[in-house]
Each structure stands twice: as C-alpha cells, then as structure tokens.
Amino acid sequence: MNTKPDVIQKCLWPACLVGLFIPGALSLHCNLLHLHLREVTWQNLRLLNSMSNSFPVECLRETRAFELPQDIQSHTPPGKRYLKEAFYEMSTQAFNIFRESTSKSTWKKKYLKQIQIRLDWQMHHLEKCFEEEEKGKEDSKQMEEDGMDFSGAASQVSSLELLLSLELRRYFYRMYNFLKDKKYSHCAWEIIRVELRRCFYYFYKLTLLLRKK
C-alpha cells in the first residue's frame, strides 16, 4: 500500500472546504489538537456505523483477529509527539484502506467519501502541527549549546515512535492482506468495517491522553 495519498488529497480538499465541518470549530490550532482529533474520529465512527445496517450472520465464520496494538497507552515519553505520530500513522493507513474500497467494496459511497475527507483533513492538520514543532526545535538546539543535553530522552522517544509506527503498519497490512486473500468479498469488507470501527474507537479514547499530557 502507498503511504502518502497525494493524488486523492487534491480532489478531496475542495469538498472539505465547502463546509463539511462546522465553520471555525476545527480551525488549525495545534493547542486544540486533542479536540480536533476527538471530533473527527467520533464523526468517522458514526459514519462507519451508517455504512451498513447490520453485520451479516453468514460472515461470522470468517472473522479474524487483526491484533490492534494495545500498548500505546502504556508508553509515556515526554511530550505529545508520540501520540501524534500514532494518530498520523493510523490516519494514513486507514485512508489507504478506504481508497482501496472505493472501487471494490459494497459500502455506501457517500459515507465512504466523507470518511476519506475527514482522514485527509486529519493528516493535513497533524502535518501542520509537526511543522510547528520543527520550528520549535531551534530553541532546543540553543539549550544544548548552553550546556543542557536532552539527546538521551530524544533518542528514547524516537525509538518508541519507530516501533509503534511499524506495529501499526503491520496491523493494517494484516487487514489489507485479508481483503486480498478473500478476493475483496462482501464478508471481507464487513469484517474490515467492524475492525476499523474498533480501531477508531481505540484512538478516540487516546485523545484524552493528548489532553492530559
């Protein structure tokens, strides 16, 4: 799967700007990031529920454990970057799943497009916040020049970010491979819909950690 949906991003942003979100409620303020992520993730949860009336009974025998990483909350490195990276990776990989579903799934297209738009917005917002953080690193460099060394802590956080990113990618690859193995059947897409709902709810709860830290 591709990890950077540039082509679709150009198509989705005009629709986003027309007024999909409440004007002003989700403006790009990184100090309110947890509110933005919480609202968008909740909206996506509701849309996933609306995509299908009920889970088909005949699909129960095909359910699979995709092993969503459950250790995100147990890691508490300094700052919020760790959780932001997790949200960004989840948004990117979920976007790729939904992009795959555009032509192959039986999901309701109007809900599918709205979820894509929200995930695209979420990635865009996080990228803007990452840019702000990069600008703030100049202050850290100045502190190091003054004799304050934070290289050990920074190295630890970087390693945790890399590990989590790999775990999340493996998680989504398991879903992607499941779809391929099942030849993108109706049951396969329904099982993925339920799993993505579980994933979104887990990240919805993680927004509380962003607020606390």
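Please read these numbers as outputs of a predicted model, since none were measured by experiment.
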Might you confirm whether atom OH of Y204 has over 12 heavy atoms from other residues, nucleotides or ligands at distances under 6.0 Å? yes

Between A86 and F203, the two heavy atoms sitting closest are O-CE2, 3.6 Å

Residues that R64 engages under side-chain hydrogen bond (donor to acceptor under 3.5 Å, both in side chains), provided they are two or more places apart: none

Do Y88 and E127 pair up side chain to side chain, a donor and an acceptor below 3.5 Å, judged on atom types alone? yes

Show, in sequence, the C-alpha distance, side-chain angles and deciding distance for F87 and T41, and conclude whether the side-chain contact (heavy atoms from CB on, under 4.5 Å) test is met. CA-CA 10 Å; F87 259 97; T41 305; 3.9 Å; yes

Please tell me if the side chains of E190 and M51 come closer than 4.5 Å, counting only heavy atoms from C-beta onward. no

Are E167 and R170 close enough for a salt bridge, meaning some N to O gap below 4.0 Å? no

Look only at the side chain of T63 and the backbone of L60, and say whether a donor-acceptor pair between them is shorter than 3.5 Å. yes

Can you measure from CE (M90) to CG (L37) and round to the nearest 0.5 angstrom? 8.0 Å

On a heavy-atom basis, which atom in C199 and which in F172 lie closest, and how many Å separate them? SG-CZ, 4.1 Å

From I115 atom CD1 to I97 atom CD1, the distance as rounded to the nearest 0.5 Å: 12.5 Å

With rounding to the nearest 0.5 Å, note down the distance linking NZ in K84 to CG in L33. 6.0 Å

Could you walk me through whether I191 and F55 pass side-chain contact (heavy atoms from CB on, under 4.5 Å), step by step? CA-CA 8 Å; I191 290 169; F55 187 82; 3.9 Å; yes

Distance, nearest 0.5 Å, that separates CD1 of I192 from CZ of R197: 13.0 Å

Do L126 and W121 come within less than 4.5 Å of each other through their side chains, counting heavy atoms only? no

Given side chains that start at C-beta, do those of F130 and E85 come closer than 4.5 Å, heavy atoms only? yes

If we ignore hydrogens and angles and just use 3.5 Å, is the side chain of R193 paired with the main-chain N or O of L48 as donor and acceptor? yes

Derivation and outcome, side-chain hydrogen bond (donor to acceptor under 3.5 Å, both in side chains), residues N49 and R46: CA-CA 5 Å; N49 286 331; R46 294 181 63 184; over 6 Å; no

Step-by-step side-chain contact (heavy atoms from CB on, under 4.5 Å) determination, E58 to C187: CA-CA 8 Å; E58 64 270 18; C187 278; 4.2 Å; yes

Please walk me through it: do Y202 and L68 pass side-chain contact (heavy atoms from CB on, under 4.5 Å)? CA-CA 9 Å; Y202 180 69; L68 171 66; 3.8 Å; yes

Main-chain N/O of T207 paired to R38 side chain as donor or acceptor, under 3.5 Å: no

dist F66:CZ -> E195:CD (nearest 0.5 Å) comes out at 6.0 Å

For the pair R118 (side chain) and N44 (backbone), establish whether a donor and an acceptor sit closer than 3.5 Å, ignoring hydrogens and angles. no

Classify the angle between the aromatic ring planes of H36 and H125 as parallel (below 30°), tilted (30 to 60°) or perpendicular (above 60°). tilted

Between the main-chain N or O of Y173 and the side-chain N or O of N177, is there a donor-acceptor pair closer than 3.5 Å? yes

For L119 and F200 the tightest heavy-atom approach is CD2-CZ, 4.3 Å

Going from CZ on F98 to CG on D120, what distance comes out if it is rounded to the nearest 0.5 angstrom? 13.5 Å

